Amino acid sequence: MSDNATQHAGSALFIADHGALDFLNTVAQVEGQAVDAWQRDDDVKRWLAQSGLVVVPESLAFAEGELLREARALRETIRRLVAQKKAGEPVDTAALNHYLACASSYPQLVEGDDGALEITRIYGYQTPAQLLEPIATLAASLLSDPHFERVRECEHPECILWFYDRTKAHRRRWCSMALCGNRAKVARFRQQQK
C-alpha cells in the first residue's frame with residue numbers, strides 16, 4: 001500500500017454534506033485502487049465517534065470483526081441503493097429495512113448543559129446492527145429525500161466519492177475543491193500547455 005493509501009486508510013473524510021454519504025466515502029480511490037478506511041472494528045468505532053452520528057459506548061461486547069463485517073455490509077447496501085436510485089432503477093429496500101428494524105431505543109428527558117430540559121434518544125447496543133441503525137436511518141432519509149437529484153458522485157474520473165449538493169446554485173461538481181477540483185484544474189492547465 002502506498003503512502004497516500006496508507007494515509008487515507010487512517011483518516012476520515014467528512015466532505016459529503018450528508019452522514020450517510022460520508023459513511024459511503026470510507027472507501028476512496030487512491031492511485032487507481034479502492035482503499036477501505038476500515039480494517040478493524042476500532043476503525044469503525046473511531047469513524048462513528050468522529051462523525052458524531054452515533055454515541056459509541058466505551059465497551060462493546062461484540063465478537064472480534066463482527067462490527068467491521070456489519071458496517072461494511074451496511075455500507076455496500078447503502079451504496080447499492082443510492083446507485084439504483086440514481087440510475088432510476090427499482091430500489092430493493094429489504095436489506096436497509098433490516099437495519100431499521102433492529103432499532104432498540106427510547107426517548108428520555110434530560111437536563112442540558114444550560115439547565116434546559118430536552119428529549120434525547122437512548123439506544124441499546126446489543127448487536128452491531130443496533131449500533132449502526134442511526135446510519136441506516138440517515139440512509140433512509142437520504143433515499144426518500146425529495147431533492148435526491150442533489151446526491152452526486154464526484155465528476156473527477158479517478159474519484160468514487162459521493163456528496164449532497166447544498167450549494168445555492170446546485171452546481172457542485174467535486175467531492176472537494178481541495179481534492180478533486182484542484183486536480184481537475186491542474187490537469188486542464190497541463191493540457192492547455194501542450
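Just so we're clear, the structure is a prediction, and the values are computed from it rather than from any experiment.
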Inset, instruction - Using the side chain to side chain contact (heavy atoms under 4.5 Å, CB included) rule, take Val27 and Val35 through it: C-alpha gap first, then chi angles, then the decisive distance, then the call. - result: CA-CA 5 Å; Val27 172; Val35 176; over 6 Å; no
Inset, instruction - Measure the OG1-CZ distance between Thr167 and Arg173 for me, rounded to the nearest 0.5 Å. - result: 12.0 Å
Legend entry - Min side-chain heavy-atom separation Leu53-Ile135 under 4.5 Å: yes
Legend entry - Cluster link Ile78 to Phe148, ILVMFWY, side chain under 4.5 Å: yes
Legend entry - Point-to-point distance, once rounded to the nearest 0.5 Å, from OG of Ser105 to CD of Glu133: 6.0 Å
Inset, instruction - Give the intermediate values and the outcome of side chain to side chain contact (heavy atoms under 4.5 Å, CB included) for residues Cys159 and Gln29. - result: CA-CA 6 Å; Cys159 186; Gln29 192 160 314; 6.0 Å; no
Legend entry - Nearest non-hydrogen partners of His147 and Asp145, listed with the distance: N-OD1, 2.5 Å
Inset, instruction - Find the distance between OG (Ser176) and CG (Leu161) and round it off to the nearest 0.5 Å. - result: 9.0 Å
Inset, instruction - Can you measure from CG (Leu48) to CG (Leu132) and round to the nearest 0.5 angstrom? - result: 6.0 Å
Legend entry - For the student: nearest non-hydrogen atoms of Asp43 and Arg46, plus distance: OD1-NH2, 2.8 Å
Inset, instruction - Establish, from distance only, whether the side-chain atoms of Tyr99 and Glu70 form a donor-acceptor pair under 3.5 Å. - result: yes
Legend entry - Atom of Leu68, atom of Asp41 and distance for their closest heavy-atom approach: N-OD1, 2.8 Å
Legend entry - Minimum heavy-atom distance Tyr164-Leu21, with the two atoms named: N-CD1, 3.6 Å
Inset, instruction - Taking atom CG of Asp114 as the centre, report whether more than 12 heavy atoms of other residues, nucleotides or ligands fall under 6.0 Å from it. - result: yes
Inset, instruction - Would you indicate whether Glu76, at its atom CD, is surrounded by more than 12 heavy atoms from other residues, nucleotides or ligands within a distance under 6.0 Å? - result: yes
Inset, instruction - With the side chain counted from C-beta on, respond yes when Arg72 and Asp36 share a heavy-atom pair under 4.5 Å apart, and no when they do not. - result: yes
Inset, instruction - May I ask you to test the Leu81-Lys85 pair for a side-chain heavy-atom distance under 4.5 Å? - result: no
Legend entry - Nearest-0.5 Å distance, CZ of residue Arg80 to CG of residue Leu96: 9.0 Å
Legend entry - Minimum heavy-atom distance His170-Asp165, with the two atoms named: C-OD2, 2.8 Å
Legend entry - Minimum side-chain heavy-atom gap Leu74-Phe23 below 4.5 Å: yes
Inset, instruction - For Leu60, check side chain to side chain contact (heavy atoms under 4.5 Å, CB included) against everything at least two apart and list the hits. - result: Lys45, Val56, Pro57, Phe62, Tyr125, Leu131
Legend entry - Ile119 atom CD1, over 12 foreign heavy atoms within 6.0 Å: no
Inset, instruction - For atom CD of Gln33, decide whether the heavy atoms of other residues, nucleotides or ligands shown that lie under 6.0 angstrom number more than 12. - result: no
Legend entry - Side chains of Trp162 and Arg152 in contact at under 4.5 Å (non-hydrogen atoms): no
Inset, instruction - Answer whether the closest heavy-atom distance between the side chains of Glu153 and Phe163 falls below 4.5 Å. - result: no
Legend entry - Distance, nearest 0.5 Å, that separates NE2 of His18 from CG of Leu24: 10.5 Å
Legend entry - Closest contact, heavy atoms only, Ala16 versus Asp22: N-OD1, 2.9 Å
Legend entry - Sole residue of Arg166, Arg172, Arg150 in side chain to side chain donor-acceptor pair (under 3.5 Å) with Asp17: Arg172
Legend entry - Side chain to side chain, Trp47 and Phe14, heavy atoms closer than 4.5 Å: yes
Inset, instruction - Would you please name every residue forming a side chain to side chain contact (heavy atoms under 4.5 Å, CB included) with Arg69, sequence neighbours left out? - result: Glu66
